[in-house]
Amino acid sequence: MPPKAEKVRKQYSNKDYPHVVLRFEDGHEIHIDKGTSKSFDAYVGERIKILAIYDPTAKEREKVDTLRAEQFEDATA
């Protein structure tokens with residue numbers, strides 16, 4: 001039986017984009033407005049895409065980066 005995946009608590013602060021979406025491997029998304037932070041649970045090694053939305057009326061999203069869960073800041077309280 002494979003070992004259980006380790007969960008980590010991380011956070012992302014959106015300082016640069018009007019709106020950011022974090023898209024996880026399982027398909028769920030977290031939306032973050034500019035000037036705010038959100039914390040989330042992820043699995044070690046999980047890849048999370050960072051997508052910027054410049055126009056909320058358009059469906060277009062620009063891929064900014066893809067990071068592994070452990071590359072995000074540790075969540076505070």
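- Taking both residues in full, the closest heavy atoms of Tyr54 and Pro56 are given as O-CD, 3.8 Å, listed atom of the first, atom of the second, then distance.
- Atoms CG and CG, from Leu22 and Asn14 in turn, are 9.0 Å apart once rounded to the nearest 0.5 Å.
- Taking the six-membered ring for Trp and thresholds of 30 and 60 degrees, Phe72 and Tyr12 have ring planes more than 60 degrees apart, a perpendicular arrangement.
- Inter-residue side-chain proximity for Tyr43 and Val8 is flagged as unmet; no heavy-atom pair is nearer than 4.5 Å.
- One distance of note links CG of Asp33 with NE2 of His31; it measures 10.0 Å at 0.5 Å rounding.
- Taking the side chain as every heavy atom from C-beta outward, Ile48 and Leu67 never approach each other to under 4.5 Å.
- The distance between the ring centers of Phe40 and Phe24 falls below 6.0 angstrom.
- Summarising the geometry, atom NZ belonging to Lys15 is positioned 12.0 Å from atom CD1 belonging to Ile32; distances are rounded to the nearest 0.5 Å.
- The CD atom of Glu46 sits 13.0 Å away from the CD atom of Glu6 when rounded to the nearest 0.5 Å.
- Hydrophobic cluster of Ile53: the remaining members, joined at side-chain heavy-atom separations below 4.5 Å, are Val21, Leu51, listed by chain and number.
- Rounding to the nearest 0.5 Å gives a distance of 12.0 Å between OG of Ser13 and NZ of Lys38.
- Judged purely by atom type and a 3.5 angstrom limit, Arg68 uses its side chain to pair as donor or acceptor with the backbone of Gly45.
- A heavy-atom distance below 4.5 Å is not found between the side chains of Tyr17 and Lys34.
- Arg47 CZ: 12 or fewer foreign heavy atoms inside a 6.0 Å radius.
- Side chains of Arg23 and Arg61 form a contact here, defined as non-hydrogen atoms less than 4.5 Å apart.
- Taken from CD in Gln71 to OG1 in Thr66, the straight-line distance is 10.0 Å, to the nearest 0.5 Å.
- Partner of Ser39 under the side chain to side chain donor-acceptor pair (under 3.5 Å) criterion, chosen from Arg9, Gln11, Glu73, Lys10: Arg9.
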